[in-house]
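Written below as structure tokens is the structure these notes are about.
In this chain, numbering begins with 1 at the start of the sequence shown. Below, all heavy atoms of this structure are taken into account, side chains as well, without hydrogens, waters or symmetry copies.
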Amino acid sequence: MESALPAPRPLAPGPRILLVDDDPGVLKGLRGLLSDEGFSPVEARSAAEALRLLDAPHPPPALMVLDLRMPGETGLELLARLPRPLPVPVVVLSGEASPAEAVQALRLGAIDFVEKPPSPERLLTALRNALALSELREEQQRLQEELARPGHLVGDSPSMEALRKLIARVGPSDTAILITGETGTGKERVARALHLASGRKGRLVAVNCAAIPSTLLESELFGHERGAFSGANARRLGRIEQAHGGTLFLDELGDMPLELQAKLLRVLETKEVERLGGSLPVPVNVRILAATHRDLTRAVQEGRFRQDLYFRLNVLPLTLPPLRERPEDILPLARAFAAELAGPHVPLVLAPGAEEALRAWPWPGNVRELRNFIERQNLLRGDGPLTLTPESLAGPTILAAKPERLGLGQKSYREHVDDFERTLIKAALEEGGSIAGAARLLQVDRGNLYRRVKTLGIPVP
């Protein structure tokens, strides 16, 4: 008697694709095409319906196909009001959009633009490319978060060990934390580690208060309603609302204008945010981390920073020591940066005297300066290992010499480095006779060397 064949296992559903179009015929055609290709289409006939599906408790769709021309709120308006980065990759689909509208859609974050009626091959290619790009970005974010975990705060010094223990202890709380330290000490990396240790479901949203003009910072943080000011064509969620359920990291807090400091204090006290042009407060669940390289105590005394906000944020101060005060961390950091920049299979080799030279340099730019140095040496290396010598570290004698003999204070760090590179490249050009010859001597890519020659203003023989 023949044994019964096992029942076939059901196929796993393919990626969910949200189709947003007011034309039933278009939706029917897209639904059939995507279903045949193994996707799971979900339909919305308006921007409002699409928003409801995006805000639903179930996982968001893997991708959205969005028509630009719809009655009521258009596809462009929907794109403009979505948080940044977009919650899902977007492929725009339209047959009536002008070139200016297509460009605007791409500027608002759409990955591709497909004209109606789309050929099946063109549409499927756009969808697969968008999904592949989304997976790549997610993997990149995952790797960045892995590197930011407390265990990946590289360093063997007692201060770094104490920092890792402190992050593990206070990370799960909702307490505001003020991170202080010199520029380049790794304050954002610590903020990411605190966010990951918190277990909060939302994401980390970082805002550099010094990089955004004060006239735009208020709208960037608090968002605005449509018509709040000239050019506000749609509602826009601010960074505080985007961090709902997660963490808001305010970098360079000491540069925030006083009037915004008062609004931020209100958010901390009420757990509510008011958009520009809005009439009702919006509840938010956000943990706030702040960082600065400035002396906020002095700023309070001078009236440049609100005392009440300082005490509200400074519940748990966390100070990062400069790299010169923890020389035992220099070599582990150099090896970590070499693995990140050159790849895990490229060894880092230290010539005699290199480790002593690394420890002797005061590293005024801290961890950021060390990373830039390793990146520069990786660009200059050939196919072999990444080798550090006392001469190659930053010039013929720059690390071996005493600081007072280097003219420190007369030039910036970048100017010292540019001078050394200029001298090195000029010597290679004289020896090699051309860009190609110099590139062979320096064992670097000819195109990269040519761009560096132009940047440094070096005459080519």
Query - R381 (side chain) donor-acceptor with G384 (main chain) under 3.5 angstrom - result: yes
Report task. Using modelled atom types only, decide if a donor and an acceptor are shared between the side chain of N366 and the backbone of T183 within a distance under 3.5 Å. Result -> yes
**Report entry** Least distance between heavy atoms, L86 atom then A110 atom
**Finding:** CD1-N, 4.2 Å
Requested in this report: Run the numbers on V92 and V65 for side-chain contact (heavy atoms from CB on, under 4.5 Å), then give the verdict.
Outcome: CA-CA 6 Å; V92 168; V65 178; over 6 Å; no
Query raised in the report: Do the rings of F373 and W363 sit parallel, tilted or perpendicular, given the 30° and 60° boundaries?
Result: tilted
**Report entry** Where A176 and V315 come nearest, the two heavy atoms and their spacing
**Finding:** O-CB, 3.7 Å
Report task. Could you go through the side-chain contact (heavy atoms from CB on, under 4.5 Å) check for D308 and L265 one step at a time? Result -> CA-CA 8 Å; D308 46 6; L265 178 64; 3.2 Å; yes
Query raised in the report: Between R81 and E77, is there a salt bridge with N-O shorter than 4.0 Å?
Result: no
**Report entry** Worked verdict on R275 versus E241 for salt bridge (charged side-chain N to carboxylate O under 4.0 Å, His left out)
**Finding:** CA-CA 10 Å; R275 306 186 190 109; E241 282 187 83; 2.8 Å; yes
**Report entry** Side-chain donor or acceptor of N129 paired with backbone N/O of T125 under 3.5 Å
**Finding:** yes
Show me the donor-acceptor pairs, under 3.5 Å and distance only, between side chains in residues 205-218 and residues at least two apart or in other chains.
| unit_1 | atom_1 | unit_2 | atom_2 | d |
| --- | --- | --- | --- | --- |
| N208 | OD1 | A210 | N | 3.0 |
| N208 | OD1 | A211 | N | 3.2 |
| E218 | OE2 | K263 | NZ | 3.0 |

Query raised in the report: Between D112 and R122, is there a salt bridge with N-O shorter than 4.0 Å?
Result: yes
**Report entry** Minimal non-hydrogen separation, V286 against K271, with atom names
**Finding:** O-NZ, 4.2 Å
Query - Cationic N near anionic O, under 4.0 Å, E182 to R324 - result: yes
Query raised in the report: CD of E340 to CD of E375: how many Å apart, nearest 0.5 Å?
Result: 9.0 Å
Query raised in the report: Which atoms form the tightest heavy-atom contact between A334 and L370, and what is the distance?
Result: N-CD2, 4.0 Å
Query - R287 side chain reached by S173 side chain, heavy atoms, under 4.5 Å - result: yes
Query raised in the report: So, for A290 and L253, which heavy atoms are closest and what is the spacing to 0.1 Å?
Result: CB-CD2, 3.7 Å
Query raised in the report: Run the side chain to side chain donor-acceptor pair (under 3.5 Å) check on S157 and D329 step by step: do they pass?
Result: CA-CA 6 Å; S157 63; D329 292 342; 2.6 Å; yes
Query raised in the report: Are L264 and L309 side-chain neighbours, meaning at least one heavy-atom pair lies under 4.5 Å?
Result: yes
Query raised in the report: Under a 4.5 Å cut-off applied to non-hydrogen side-chain atoms, are L280 and E274 in contact?
Result: no
Query raised in the report: Going by heavy atoms in the side chains, are I374 and Q377 under 4.5 Å from each other?
Result: no
Requested in this report: Please round to the nearest 0.5 Å and tell me the distance separating atom CG of L260 and atom CG of L221.
Outcome: 6.5 Å
Report summary line: Test side-chain hydrogen bond (donor to acceptor under 3.5 Å, both in side chains), reference R203, set H195, H244, Q242, output is Q242
Query - side-chain contact (heavy atoms from CB on, under 4.5 Å) between T185 and L323, worked out - result: CA-CA 7 Å; T185 49; L323 189 55; over 6 Å; no
Query - Side-chain donor or acceptor of K187 paired with backbone N/O of T292 under 3.5 Å - result: no
Query raised in the report: What's the spacing between M64 CE and I111 CD1 if we round to 0.5 Å?
Result: 10.5 Å
Requested in this report: Find out whether R306 and R312 are in side-chain contact, i.e. whether some heavy atom of one side chain is under 4.5 Å from a heavy atom of the other.
Outcome: no
Query raised in the report: So does R128 have more than 12 non-hydrogen atoms from other groups sitting under 6.0 Å from CZ?
Result: yes
Query raised in the report: Hey, what do you get for CG (L178) to CG (L289), rounding to the nearest 0.5 Å?
Result: 10.0 Å
Requested in this report: Taking all heavy atoms of A50 and all of V20, pick out the closest pair and write down the distance.
Outcome: CB-CG2, 3.7 Å
Query - Check ion pair E220-R236 (N to O, under 4.0 angstrom) - result: yes
**Report entry** Pairwise side-chain contact, I288 with L250, heavy-atom cut-off 4.5 Å (strictly under)
**Finding:** yes
Query - Spacing of OG1 belonging to T180 relative to NE2 belonging to H293, to within rounding of 0.5 Å - result: 11.5 Å
Report task. Taking the side chain as every heavy atom from C-beta outward, state whether V88 and L63 have any atom pair closer than 4.5 Å. Result -> no
Query raised in the report: So, are R266 and E269 salt-bridged, with charged N and O less than 4.0 Å apart?
Result: no
Query raised in the report: Do L333 and R326 come within less than 4.5 Å of each other through their side chains, counting heavy atoms only?
Result: yes
Query raised in the report: Between OG of S198 and CD1 of I167, what distance do you get to the nearest 0.5 Å?
Result: 11.5 Å
Requested in this report: Hey, could you give me each pair passing ring pair (Phe, Tyr, Trp, His ring centres under 6.0 Å) that has a residue in residues 200-242? Not counting sequence neighbours.
Outcome: H224-F229
Requested in this report: For the pair L76 and E101, evaluate side-chain contact (heavy atoms from CB on, under 4.5 Å) and give the outcome as yes or no after the intermediate values.
Outcome: CA-CA 8 Å; L76 274 179; E101 289 175 317; 4.0 Å; yes
Query raised in the report: Should we say atom CD of Q307 is surrounded by more than 12 heavy atoms from elsewhere, each under 6.0 Å from it?
Result: no
Query - Residues R294, E252: salt bridge by 4.0 Å N-O rule - result: no
